[in-house]
2 protein chains.
Amino acid sequence: MPLEIPEVVIDRLPTYYRLLTNLQARGVAVVSSQELGEALNVTPAQIRKDLSYFGRFGKQGRGYSVQRLTDELRTILGLDQRWRMVLIGVGRLGTAIASYRGFEPQGFDIVGVYDVNPEAVGTELGGELVVRNVADLARDLADDPVDIGIVAVPAGEAQAVVDVLVAAGIGAILSYAPTAAQVPAGVEVRQIDPVLSLQGMTYHLRRRDA
Amino acid sequence: MPLEIPEVVIDRLPTYYRLLTNLQARGVAVVSSQELGEALNVTPAQIRKDLSYFGRFGKQGRGYSVQRLTDELRTILGLDQRWRMVLIGVGRLGTAIASYRGFEPQGFDIVGVYDVNPEAVGTELGGELVVRNVADLARDLADDPVDIGIVAVPAGEAQAVVDVLVAAGIGAILSYAPTAAQVPAGVEVRQIDPVLSLQGMTYHLRRRDA
DNA sequence: GGCGGCTTGCGAAAGTGTGCACAATCATAC
DNA sequence: GTATGATTGTGCACACTTTCGCAAGCCGCC
């Protein structure tokens, strides 16, 4: 991979991968950029261009082997290994995240959960994980590093938690907190906030009927 | 608003709005694009340009009145009214969404919940809403339209639900289902899938230490 | 009441990303 | 073995976004 790959391209790859695994499960053997594009609402040219950053995976006149392309994307995205995550915050939201069944099948394991609330500390979550004190987070991470931190604490505490994770050398943070986290370059952050998504849509709704 | 506003701009406005309401709560009266940019990790020029699509809200030498700018953005985004939503799917995920306390304070109300599962239909959710049969969705929406649909059903059922919502004339859909929904032009769709976010980050994690 | 320091709004430049269009290539059928 | 129809990979042009740079304007101080 000699040249720099645009971030937008990276962000599209997971959706390609997701569709491909579906196709594979349905027994589809070969797929064209045309078909992929129709299913994902993007132009075939974009799909071909995106994939061409990483290699030449297709065959003219045929399309892409679903098996082959799935494997390639899995390697590119780093999904051929399991990733260890810690969850900080076990309030309503954090508890829901901890019990979400969608992470594990995709190779993401929550290996530790933390909270500040003394009443929550020590309780069991999901029958396996014991909630630890967030004060121990730095030490725990030093002893036993993880790859990704999930932040599910109130806005006011989010930056402090992020700082601890960053200091521990974490490389990626998935934040459910409604604040923009400050992190040094080299640390990946994605934010999940359904309200922001809704607010982006209401702009258009307002203009629809007017 | 004579000219067309880029979609990327619209998608940034909610984060501006969120920060501004925080500032307002903290009693800050005036803020510069410089300060906003530092808090949000964007360039001051971008913030000024984004806002300039909608009007001239700042004062040279001073900055922006937090009050004024908050009000302007609220109007622009359509947040000066309440929005009615229906939730389809009350499994693990749907239940968590229904009990999420973050929607109501921002003007988003879940006014109906639906499921296919006969065992779920009729039960109470969150002490207020009774789960209705998804078979009644089309009729209910015809009688009493809502603005936004939240889809929290398994991948295989998502498109069918989306079709019903679209047929009922819904303008916006927030989908938690792991599939790309097919909708006609004019219907807004946003997808929330933490796994996609994680997969976008693992690409970078892989390259970090290598 | 004028001067200095800031900060906006915006035209223009620079930088990115997307889509077109077509040569190259492959599978199949006859 | 050759013709046919399909589909990839990619150079190029266009379109879109971001950033720069600066004139215009505002505030406060002396």
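Lettering follows sequence order; numbering is per chain, from 1.
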Trainee: Not counting sequence neighbours, which residues clear side-chain contact (heavy atoms from CB on, under 4.5 Å) with A:V8? List them please.
Mentor: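 Expected list: A:P6, A:R12.
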Trainee: Would you say B:Y64 reaches C:dC6's phosphate, i.e. side-chain N/O to OP1/OP2 under 4.0 Å?
Mentor: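 It does not, given that no N or O in the side chain of B:Y64 lies less than 4.0 Å from OP1 or OP2 of C:dC6.
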Trainee: A:L40 has an atom CG; how far is it from atom C1' of C:dT18, in whole Å?
Mentor: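 It works out to 16 Å between those atoms.
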Trainee: Quick one: closest heavy-atom pair of A:K49 and A:S52, and the distance?
Mentor: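 In terms of heavy atoms, the two residues are closest at O-OG, 2.7 Å.
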Trainee: Counting only side-chain heavy atoms from C-beta out, which of C:dG19, D:dT8, C:dC10 sits nearest to B:S52?
Mentor: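 Selected nucleotide: C:dC10.
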Trainee: Does B:V9 reach a base, just sugar-phosphate, or nothing at all? Heavy atoms under 4.0 Å.
Mentor: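 Contact class for B:V9: none.
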Trainee: Please report, rounded to the nearest Å, how far the P atom of C:dG17 is from the CD atom of A:E7.
Mentor: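 So the CD-P distance, A:E7 to C:dG17, works out to 9 Å.
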Trainee: In whole angstroms, how far is the P atom of C:dG9 from the CG atom of B:L36?
Mentor: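 The answer, rounded to whole Å, is 12 Å.
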Trainee: From the options D:dT7, C:dG19, D:dT17, select the nucleotide whose nearest atom is closest to the side chain of A:S32.
Mentor: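 The nucleotide sitting nearest to the side chain is D:dT7.
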Trainee: Could you state the CZ-P distance from A:R56 to D:dG11, rounded to the nearest angstrom?
Mentor: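 It is 10 Å, rounded to the nearest whole Å.
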Trainee: Verify the contact: side-chain N or O of A:S33 to OP1 or OP2 of D:dT7, cut-off strictly under 4.0 Å; return yes or no.
Mentor: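 No, no such contact exists.
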Trainee: Side chains of B:H204 and A:I10: does their closest heavy-atom pair fall under 4.5 Å?
Mentor: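 The answer is yes, as the side chains (C-beta and beyond) meet within the 4.5 Å cut-off.
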Trainee: Considering every strand and a 4.0 Å limit on heavy-atom distances, what is the contact class for A:R62: base, sugar-phosphate, or nothing?
Mentor: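 Counting heavy atoms under 4.0 Å across all strands, the contact made by A:R62 is with sugar-phosphate only.
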Trainee: Round to a whole Å and report the spacing from CD of B:Q60 to P of C:dG4.
Mentor: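 Taking CD of B:Q60 and P of C:dG4, I get 19 Å after rounding.
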Trainee: Using heavy atoms to find the nearest nucleotide of DNA chain C for A:R48 and B:G55 separately, return the residue whose nucleotide is more 5′.
Mentor: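 In this pair, the answer is B:G55.
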Trainee: Rounded to whole Å, please give me the gap between CD in B:Q34 and P in D:dT19.
Mentor: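 Rounded to the whole Å, the gap is 13 Å.
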Trainee: Specify the separation, in whole Å, of atom CD of B:E4 and atom P of D:dC16.
Mentor: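 From B:E4 CD to D:dC16 P: 10 Å.
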Trainee: NA contact type, B:P6, heavy-atom cut-off 4.0 Å: base, sugar-phosphate, or nothing?
Mentor: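 The residue B:P6 makes sugar-phosphate contact but no base contact.
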Trainee: Calculate the interatomic distance between A:K59 atom NZ and D:dT7 atom C1'; express it in whole Å.
Mentor: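 Value for this atom pair: 13 Å.
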Trainee: What are the two closest non-hydrogen atoms of A:A152 and A:G94, and how far apart are they?
Mentor: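 Heavy atoms of A:A152 and A:G94 come nearest at CB-CA, 3.9 Å.
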Trainee: With no hydrogens and no angle check, do the side chains of B:Q46 and B:D50 hold a donor and an acceptor under 3.5 Å apart?
Mentor: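 Side-chain D/A pair, B:Q46 to B:D50: absent.
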Trainee: Check this for me: does the side-chain of A:K49 come within 3.5 Å of the base of C:dG19 through a donor and an acceptor?
Mentor: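 Pair found.
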